[in-house]
Asks: 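My structure is below; once you've seen it, I'll send some questions.
Each chain gets a letter, A, B and so on, in the order the sequences are listed, and its residues count up from 1. Being a predicted model, the structure only gives us computed values, none of them experimental.
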Protein chains: 2
Amino acid sequence: MTADDTRTAILDAAETLLAEVGYAGMSLRAVTQRAKANLASVNYHFGSKAALARAALERRARPVDAERLRQLDLVEQAHRGGKRPPVRAVVRSFVAPVIELSSEFGTSTCSMFCRLIAEQPPFLDEVLTEKFATIGRRFAEALRRAQPLLTIADAYWQLHFMVGALTHTMQHVGMWQRVAGPDFSPASTDEIVDRLCAFCAGGVKAHEPRSPSRRKTRSKATSR
Amino acid sequence: MTADDTRTAILDAAETLLAEVGYAGMSLRAVTQRAKANLASVNYHFGSKAALARAALERRARPVDAERLRQLDLVEQAHRGGKRPPVRAVVRSFVAPVIELSSEFGTSTCSMFCRLIAEQPPFLDEVLTEKFATIGRRFAEALRRAQPLLTIADAYWQLHFMVGALTHTMQHVGMWQRVAGPDFSPASTDEIVDRLCAFCAGGVKAHEPRSPSRRKTRSKATSR
DNA sequence: CATCCTGTCGAACGTTCGTTTGAAACATAC
DNA sequence: GTATGTTTCAAACGAACGTTCGACAGGATG
């Protein structure tokens, strides 16, 4: 009984701290203090700091990715038989679950995702590799179905840009509000999702096929 | 003589390590070892670890931001008198200098930018606040001139998304290559700039004005 | 020559880190 | 009751951290 309580209390504390200070900045003493647990209990329940962080991440990432795939399946089923699914809907299946499910779990869930992706501590390598091999491949294919002009490489680049916009946005909304002041009003979850999806869908649709032979002339003044 | 040599050797080492392991992960012992300098020399020349990181960042950020403003000035001068500057050109002034100048300085310059922005160690607060107050405001205005439909808040959101796509892209190109395999071919600096500018400009242009009264209904599962 | 300033260097300071240990506390089964 | 397995706890381990200190070398200035 108390064993599971301790486990989840530690996971909750780790999630908050990962969001606020990242993996390198999170000390097990801070975790156990916040969880009102003993220092040794982390290594008892999880084995190591890396294993704890990994568990805290996967606890949240699993349902988010499941929801992504579920929404994508629905989108594709609704546009079966030659009809191309709209880019915007595919993008939304990728973006929305992160923000919406995270805001259900708590304010720090999304920040934890974004911080870990940005920091990429060593223990995350295989987790991310596997995740992108499944989720990434699946959405790259869906993007190509929605926008047949895309090559495989194109689709991966678009996903890459989307992940960047998504993670950075969710991690640093606070800073922009501080910097831009009242011009940058606080936003609801729905508004952020809408803005982000519109931006990413527009970016994907803006793609113009590259001809590898034609080398673009770059206007001087910019130049490289 | 040797004094300046030591200083720049330390800055170079710090830049590399900030790019690879971030601020929290960078130890002064690792810095001095890589710079072939004495451990105490960091505090002698810079005063503290935070001051060193700040110096390493500003050494590179200053010319990048200057180039951004220079290119933006050129774009706006070329479209004076009622003519709206193209969104793509404004976006490019913001994006290209980071990638192009960084690749001149060395492979780690851009990664350092991106890691620090993602990590946001405490010492960076005032640096970023000041930078976004000048560069951010300037480009937000330029975006609104290029795309008059944008409100101030809209423009800041677009910039926010652009920064995310930019930083994430430049920091994690390597991972995507590893994950996606040969599908995700290595890219030249020019190609990355082109792809990124196309995506961001498309995202900005895709903006549709929001009517604050009309609350959008969200269709469960897919999109709205 | 002596003096001063600038840098370098090895060594140590006090903290904090992740991890381990061994004993106590607890619940469950016989 | 005793025995068994699980969980908590205080304490300590060695290692690594940022920082500080005093001694020492080198060249410029008097």
Asks: Provide, to the nearest angstrom, the distance between the CZ atom belonging to B/Arg7 and the P atom belonging to C/dT8.
Replies: 11 Å
Asks: Assess whether atom CD of B/Glu58 is packed by more than 12 heavy atoms of other residues, nucleotides or ligands within 6.0 Å.
Replies: yes
Asks: Where each residue is assigned the nucleotide of DNA chain C containing its nearest heavy atom, which of A/Tyr44 and A/Gly25 is assigned the position nearer the 5′ end?
Replies: A/Gly25
Asks: Just say parallel, tilted or perpendicular for the rings of A/His160 and B/His168, cut-offs at 30° and 60°.
Replies: perpendicular
Asks: In whole angstrom, what separates B/Phe46's CZ from C/dT6's P?
Replies: 17 Å
Asks: Between D/dT7 atom P and A/Asp5 atom CG, what is the distance in whole Å?
Replies: 12 Å
Asks: Rounded to whole angstroms, how far apart are CG on A/Asn38 and P on C/dA24?
Replies: 16 Å
Asks: Of A/Thr16, A/Leu18, A/Ile10, which is the lone residue that meets side-chain contact (heavy atoms from CB on, under 4.5 Å) with A/Val31?
Replies: A/Ile10
Asks: Which nucleotide sits closest to the side chain of A/Ser27: D/dT19, C/dG18, D/dC9?
Replies: C/dG18
Asks: Over how many whole Å does the gap from B/Arg29 atom CZ to D/dT20 atom P extend?
Replies: 13 Å
Asks: Side chain of B/Thr6, heavy atoms from C-beta onward: which of C/dT20, C/dT8, D/dT19 has the nearest atom to it?
Replies: C/dT8
Asks: Is A/Asn43 close enough to C/dG18 that one of its side-chain N or O atoms is under 4.0 Å from OP1 or OP2 there?
Replies: no
Asks: Indicate whether the side chain of B/Glu20 and that of B/Ser111 have a donor and an acceptor atom separated by less than 3.5 Å.
Replies: no
Asks: Take the protein atom CG of B/Leu28 and the nucleotide atom C1' of C/dA11, then report the distance between them rounded to whole Å.
Replies: 17 Å
Asks: Specify the separation, in whole Å, of atom NZ of B/Lys36 and atom C1' of C/dC9.
Replies: 17 Å
Asks: Is A/Asp65 close to A/Thr134 at the side-chain level, that is, under 4.5 Å between some pair of heavy atoms?
Replies: no
Asks: Can you tell which of C/dG10, D/dG18, D/dC9 lies closest to the side chain of A/Ala40?
Replies: D/dC9
Asks: In whole angstrom, give the distance that lies between atom CG of B/Leu52 and atom P of D/dG18.
Replies: 10 Å
Asks: State which of C/dC17, D/dC17, C/dA11 makes the closest approach to the side chain of B/Leu39.
Replies: C/dA11
Asks: Tell me whether the OP1 or OP2 atom of C/dT8 has a side-chain N or O from B/His45 closer than 4.0 Å.
Replies: yes
